[in-house]
Enquirer: 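Right, I'll just put the structure down here and ask away after.
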2 protein chains.
Amino acid sequence: MTRATLKDVAAHAGVSHQTVSNVLNGHPSIRPTTRERVLSSISALDYHPNQAAKALREARVTTLCFASFEHDPDTLSDPYRNLIQAALTAEANAQGYSLATAFLAHDEASLDELRQRYLQRSIGGAVIIGTRLQAAQWERMTSWGMNVVLLDHFLPGTPHTVSADYASGMRALVAHHVARGRRDLALVLPTRDYGSTALMRRDSFFAAAKAHGVRARHIDGDWSYASGERALLELHASGDLPDALLGGNDRMATGALSAAHGLGLSVPGDLAISGFDDFDFVQYLHPKLTTVRVPHAEMAREAARLLIALTSGEDCVTPPPYPVSLIVRDSA
Amino acid sequence: MTRATLKDVAAHAGVSHQTVSNVLNGHPSIRPTTRERVLSSISALDYHPNQAAKALREARVTTLCFASFEHDPDTLSDPYRNLIQAALTAEANAQGYSLATAFLAHDEASLDELRQRYLQRSIGGAVIIGTRLQAAQWERMTSWGMNVVLLDHFLPGTPHTVSADYASGMRALVAHHVARGRRDLALVLPTRDYGSTALMRRDSFFAAAKAHGVRARHIDGDWSYASGERALLELHASGDLPDALLGGNDRMATGALSAAHGLGLSVPGDLAISGFDDFDFVQYLHPKLTTVRVPHAEMAREAARLLIALTSGEDCVTPPPYPVSLIVRDSA
DNA sequence: GTGAAAGCGCTAACAA
DNA sequence: TTGTTAGCGCTTTCAC
């Protein structure tokens with residue numbers, strides 16, 4: 001079955017093909033009777049405009065790209081990416097765009113692939129997640145002329161970023177631990193990713209601990225379960241256990257909790273443990289995890305809106321950080 | 001900066017635009033010197049073929065769609081969907097396709113949206129996951145002429161399905177429980193999704209239990225954490241606890257484990273618990289979850305290959321079920 | 001209000 | 001081996 005074209009519709013309705021085009025694009029000054037006739041021909045022939053032709057003629061790209069890092073532990077092990085993809089897709093579709101996918105690595109090849117897709121007009125811009133994005137990569141992308149919105153990741157000089165208010169989340173978390181009598185806090189967080197939101201969290205952590213007059217230290221991690229587990233094992237081996245361990249995300253907190261069980265530590269008796277994200281599974285851990293909820297989906301929708309606005313040539317302001325909320329359960 | 005076109009390259013190289021096209025498409029019978037000249041013009045002008053024009057002219061769609069169900073608990077709460085998306089993207093890109101995203105619901109609107117995208121040539125076919133896909137929906141999609149490959153879900157009459165060997169996984173699991181001395185097995189699994197792989201697992205479960213001469217029962221769930229939790233609470237309330245609880249997926253097993261902690265049951269002492277999937281987080285539960293590993297990523301690659309082959313008009317055979325493997329940890 | 005002409009960037013078919 | 005012509009399906013410009 002060969003699909004109907006604009007001309008077929010025109011012939012069927014007994015008008016010229018531009019008239020059909022005008023009807024389709026809601027142009028004014030079309031006689032209602034003509035419009036009716038055209039519309040009924042359209043549905044009679046089950047006509048659907050060819051996107052490729054439209055895109056070619058209008059020199060417009062209607063596909064956006066969601067790029068994340070393939071080997072980033074965040075990318076594949078958390079519901080995180082799913083939530084974001086769903087929200088981005090919904091917002092993009094609602095605005096007449098479709099959403100393509102890309103997984104980046106830290107080699108030239110993957111950046112080059114993205115570049116190809118942009119220059120070939122397969123994609124019009126990208127939303128990127130992943131604290132592994134380096135400033136140099138970001139610069140490369142924008143140097144092609146591509147619009148890029150960063151989700152949940154700051155980089156020096158990146159104007160279009162959607163993020164959450166990690167600072168106040170961290171302050172609330174520290175206050176909570178202190179209110180429960182904790183006096184020796186350890187934060188597990190990656191810091192090799194300079195410029196990322198991790199630094200903001202770390203700084204707020206130290207500032208808040210200082211304000212409360214409690215001890216604070218930082219242990220390096222890499223967002224993975226294993227690094228959370230390792231962090232607690234090392235603290236234990238050092239003989240200088242804190243009384244609260246703050247995971248920089250839910251996964252590291254989960255890993256630490258697992259290590260605590262292995263060491264025979266009672267949580268929260270011997271040690272309080274908290275997370276950051278609030279993914280589904282953390283309320284099924286034992287004990288149920290106290291954490292900070294980050295509104296990933298709303299942030300993603302905003303990122304899509306921002307990208308579309310940029311792509312349409314509007315000038316945009318980065319939205320303020322999204323509020324987060326402390327979710328108190330049993331682990332801290 | 002306005003991008004170079006085929007004509008610009010032709011002018012720069014002093015040949016006709018057709019010659020450039022021939023060089024690009026690897027046509028034979030081009031004099032090496034000409035080819036060299038054209039290639040150097042291409043890189044001098046940083047020329048990239050316009051995909052929209054190519055697609056229009058060739059009447060070819062180079063975008064595939066990955067569709068899943070928005071409100072399906074599997075879709076957003078597991079790493080599952082991420083793994084599949086990554087694998088599909090990799091395979092599609094490797095074969096020159098890009099991958100778009102769709103989230104379906106159970107209303108007419110979302111099916112219609114997919115139909116639009118297909119008829120507008122925005123997508124050339126779809127890989128669909130989700131046991132919530134109904135036979136009627138599948139029939140609708142194929143009635144448009146769209147190629148559809150189902151991932152991990154059987155439906156009566158669907159020829160193109162990629163799945164895993166759940167039957168033998170279930171047999172191995174039952175044998176394992178029995179070998180550890182369990183004599184009273186309960187399986188939590190949704191069965192309202194007729195036609196899905198759930199039925200295969202359930203049937204194998206009963207068959208295997210019978211073969212071993214142990215008691216077997218089935219409790220309904222809906223794949224979610226909460227339903228696993230509920231299942232164990234109900235069993236406990238009935239006063240007739242099994243000595244092994246088999247979660248139909250890792251999430252239900254996790255929910256049941258959480259309930260066991262709440263009830264003060266020791267796992268695996270009082271009760272063995274096992275899962276199905278082997279997602280990252282289950283090895284950080286307490287106790288670490290025994291489960292069956294399903295090769296989601298490989299299956300997804302195969303689904304992409306199958307869809308591309310179908311789209312190219314080849315006739316394809318559904319591949320045999322992928323082997324699964326029992327992963328023994330501490331919970332059973 | 002509606003139609004005729006032109007052309008987006010590319011490739012298939014032929015001519016040279 | 002290369003160039004010319006035509007046209008994919010659509011929208012824009014401008015007559016009528």
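Every chain is numbered from 1 and lettered A, B, ... according to where its sequence line falls, protein lines coming before strand lines.
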Enquirer: Rounded to the nearest Å, what distance is computed from the CZ atom of residue B:Arg60 to the C1' atom of nucleotide C:dT11?
Expert: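 Going from CZ in B:Arg60 over to C1' in C:dT11 covers 13 Å.
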Enquirer: So B:Leu64 and B:Val127, do their side chains get closer than 4.5 Å, heavy atoms only?
Expert: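 When only atoms from C-beta onward are counted, B:Leu64 and B:Val127 do not touch, as no gap falls below 4.5 Å.
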Enquirer: Taking atom CG of B:Asp107 as the centre, report whether more than 12 heavy atoms of other residues, nucleotides or ligands fall under 6.0 Å from it.
Expert: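 Correct, the count exceeds 12.
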Enquirer: Taking B:His48 as the fixed residue, which of A:Arg117, A:Arg121, A:Gln120, A:Gln116 is the one that meets the side-chain hydrogen bond (donor to acceptor under 3.5 Å, both in side chains) rule?
Expert: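 Filter result, single survivor: A:Gln116.
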Enquirer: Under the salt bridge (Lys or Arg N to Asp or Glu O under 4.0 Å) rule, what pairs show up with a residue in residues 48-65 of chain B, not counting sequence neighbours?
Expert: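 Found B:Glu58-B:Arg60.
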Enquirer: Using heavy-atom distances to pick each residue's nearest nucleotide on DNA chain D, tell me which of A:Ala52 and B:Arg31 is more 5'.
Expert: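 Nearest-nucleotide comparison on DNA chain D picks B:Arg31.
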Enquirer: Return the minimal non-hydrogen interatomic distance between A:Pro319 and A:Val162, and the atom names on each side.
Expert: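 Looking at all heavy atoms of both residues, the closest pair is CG-CG2, 4.1 Å.
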Enquirer: Might you list the N or O atoms of the protein lying below 3.5 Å from N or O atoms in nucleotides 5-8 of chain C, with each pair's distance?
Expert:
residue : atom : partner : partner atom : Å
C:dA5   : N6   : A:Gln18 : NE2          : 2.9
C:dG7   : N2   : A:Arg57 : NH1          : 2.8
C:dG7   : N3   : A:Arg57 : NH1          : 3.4

Enquirer: Just how far, in rounded Å, is P of C:dG9 from CG of B:Leu45?
Expert: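 Answer to the nearest Å: 14 Å.
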Enquirer: State, yes or no, whether a side-chain contact exists between A:Leu76 and B:Pro79 at a heavy-atom distance under 4.5 Å.
Expert: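 A:Leu76 vs B:Pro79: side chains apart.
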Enquirer: A:Arg305: what forms a salt bridge (charged side-chain N to carboxylate O under 4.0 Å, His left out) with it, not counting sequence neighbours?
Expert: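 Partners of A:Arg305 by the salt bridge (charged side-chain N to carboxylate O under 4.0 Å, His left out) criterion, ordered by chain and then number, come out as A:Glu91, A:Glu302.
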Enquirer: Mind jotting down which residue pairs meet the ring-ring contact (aromatic ring centres under 6.0 Å, His included) criterion with at least one end in residues 90-129 of chain B? Sequence neighbours excluded, please.
Expert: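 Sorted pair list: B:Phe69-B:His106.
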Enquirer: Tell me whether the side-chain N/O atoms of B:Lys54 come closer than 4.0 Å to OP1 or OP2 in C:dG9.
Expert: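 False: B:Lys54 side-chain N/O out of range (4.0 Å or more) of C:dG9 OP1/OP2.
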Enquirer: A:Leu99 and side-chain contact (heavy atoms from CB on, under 4.5 Å): which single residue from A:Ile123, A:Leu88, A:Thr63, A:Asn93 fits?
Expert: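 Answer after filtering A:Ile123, A:Leu88, A:Thr63, A:Asn93: A:Leu88.
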Enquirer: Once rounded to the nearest 0.5 Å, what's the spacing between atom OG of A:Ser41 and atom CD of A:Glu36?
Expert: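 Rounded to the nearest 0.5 Å, the OG-CD separation comes out at 11.0 Å.
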Enquirer: Give, ordered by number, those residues of residues 8-15 of chain B having at least one heavy-atom distance below 4.0 Å to an atom of DNA chain C; if nothing qualifies, reply none.
Expert: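 None - not one residue of the stretch has a heavy atom sitting under 4.0 Å from the strand.
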Enquirer: Can you tell me if the side-chain N/O atoms of B:Ser21 get under 4.0 Å from OP1 or OP2 in C:dA12?
Expert: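 No, B:Ser21 has no side-chain N/O under 4.0 Å of OP1/OP2 on C:dA12.
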Enquirer: Which nucleotide span of DNA chain D, 5' end to 3' end, has atoms closer than 4.0 Å to non-hydrogen atoms of chain A?
Expert: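 So the contact region on DNA chain D extends D:dG9 to D:dT12.
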Enquirer: Taking it one step at a time, do A:Arg115 and B:Asp46 satisfy salt bridge (charged side-chain N to carboxylate O under 4.0 Å, His left out)?
Expert: CA-CA 11 Å; A:Arg115 177 163 183 271; B:Asp46 196 22; 2.5 Å; yes
Enquirer: B:Ile30 near the nucleic acid: base, sugar-phosphate alone, or nothing, with a heavy-atom cut-off under 4.0 Å?
Expert: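 Contact class for B:Ile30: sugar-phosphate only.
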Enquirer: Need one value for B:Asn22: base, sugar-phosphate or nothing, where a base atom within 4.0 Å counts as base even if backbone is also close, heavy atoms only.
Expert: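 No contact at all - B:Asn22 keeps every heavy atom at 4.0 Å or more from the nucleic acid.
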